[in-house]
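Along the sequence shown, residues carry numbers from 1. Note that ligands are numbered from 1 as they come in the structure, with each ligand's atoms numbered from 1 the same way.
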Amino acid sequence: MDYESTMRLLRGRGQEGLLRYYEELNEEEQKALLAQIERLDLSVTEQLRRPQNLSGKGEILPIDGLKIAQIEAQKQAFYARGRECVRAGKVGAVLLAGGQGTRLGSDAPKGVYDIGVTRPVYIFQCLIENLLEVSKDCGAFPPLYIMTSEKNDRETKAFLKEHAYFGYPRQEVRFFMQDVAPCTDGVGNLLLEEKGRVATSPNGNGGWFSSMLRAGLGEDVERRGIEWLNVFAVDNVLQRIADPVFVGAAIESGVNCAAKVVCKACPEERVGVLCLEDGKPNIIEYYELTPEMAHARGENGDLLFTYGVILNYLFRYSKLKEIAQKQIPVHVVKKKIPYIDEKGEKVLPQTENGYKFETLILDMVKLMETCLPFEVEREKEFAPIKNKTGTDSVETARALLEKNGVVL
Ligand code: UTP
């Protein structure tokens, strides 16, 4: 798009401020700015005019899942079924590593964070070593798709290359970049992060499948005959990936999707809970559950709304393709956004000054129509690293890793 058409487009949206410094840019920068604006989805700002209310939920009921004891009782059968599937190359792994790790306070990709004590132990290394164990057991390497973002793509690729993919075969590793969305100030004006660059932020982990398809990886998945994608977060260093027992349980249950869950430690625990909403699986945030629901218990004394999600899902590929065109909700999130002000000076805000726009993977579960909650032991499979200290931190993850025999 040339300058005139870009200006027309921006005027139509009241966002012509993005070209405020156009005349000051050199030819190359001008071209880059116009190209960036053309690529961005400017319509996300319309979300600010929509009420972000949480009412309008349907009828919420508990969902049936597999508890640890039930899994134990059928473990051999699930394992045999799942192992056969992994061995036949029908399971792919998708690592969501496009986040920004703001809470960890590091600019680097989260996966390159070293959590070792006496030796370097990187987050990526923990995950790949977990996957290598399954590969050895099943006699096949599940293809590993890694989602990066514009901000961390180069560093992620260089880091993994430098560490020889921690022993994973290079030909089984594919990268794809997630999209970004523009950021606004508090009243909806799009911001510039440089005079020739619109401020953007990764568009949330809900865009993983569309970004994967856009990168042409759908063909790769189909050519390899992959039937299930195990999607997981970068920050849980204890999780099992392409776990044969989980895969077997999903196949045996005939569902389109399965979620690893932990039973809530207490009614107030701040975790999204897998439930049924109007008969469809859905994840309800902790603040959306009424206190009555959060405390409700069944005849055996267990909490009824208990299945906390840990961002480790199995998705049936054929169903993903079917829902690929469906729109998932865009969430508006307050954020500190550095920007160029009207005097042309860079501002680094100390408090949240604007909004970023994200879609979330948990909103895909509903579209999958059926989902099996699969309970795992917290102490064995859930060590998320969100913060530097305190809950869900490097410290808590180290303690859990050591408990599970990992030398740090
Ligand atoms: P979180 O929601 O914990 O966000 O991501 P984050 O970006 O890692 O960390 P904070 O909130 O800035 O501190 C959950 C998972 O989703 C991925 C993350 O990499 C992590 O694996 N993610 C998140 C993406 O891949 N892209 C995104 O845009 C956001």
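In this structure, Tyr122 has its ring center no closer than 6.0 Å to that of Tyr113. In this structure, Tyr313 has its ring center no closer than 6.0 Å to that of Trp208.
Within 6.0 Å of the CD atom in Gln171, the count of heavy atoms belonging to other residues, nucleotides or ligands exceeds 12.
Around ligand 1, the residues contributing at least one heavy atom under 4.0 Å from the ligand are Leu96, Ala97, Gly98, Gly99, Gln100, Gly101, Thr102, Arg103, Lys110, Met147, Gln178, Pro202, Gly204, Asn205, Ala233, Val234, Asp235, Leu311, Lys386.
The only option from Lys67, Lys264, Arg297 that meets the salt bridge (charged side-chain N to carboxylate O under 4.0 Å, His left out) definition with Asp302 turns out to be Lys67.
Within the model, atoms CG of Asn203 and OG of Ser210 stand 7.0 Å from one another, a figure rounded to the nearest 0.5 Å.
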side-chain contact (heavy atoms from CB on, under 4.5 Å) evaluation trace for Ile340 with Glu193: CA-CA 6 Å; Ile340 304 290; Glu193 65 186 15; over 6 Å; no

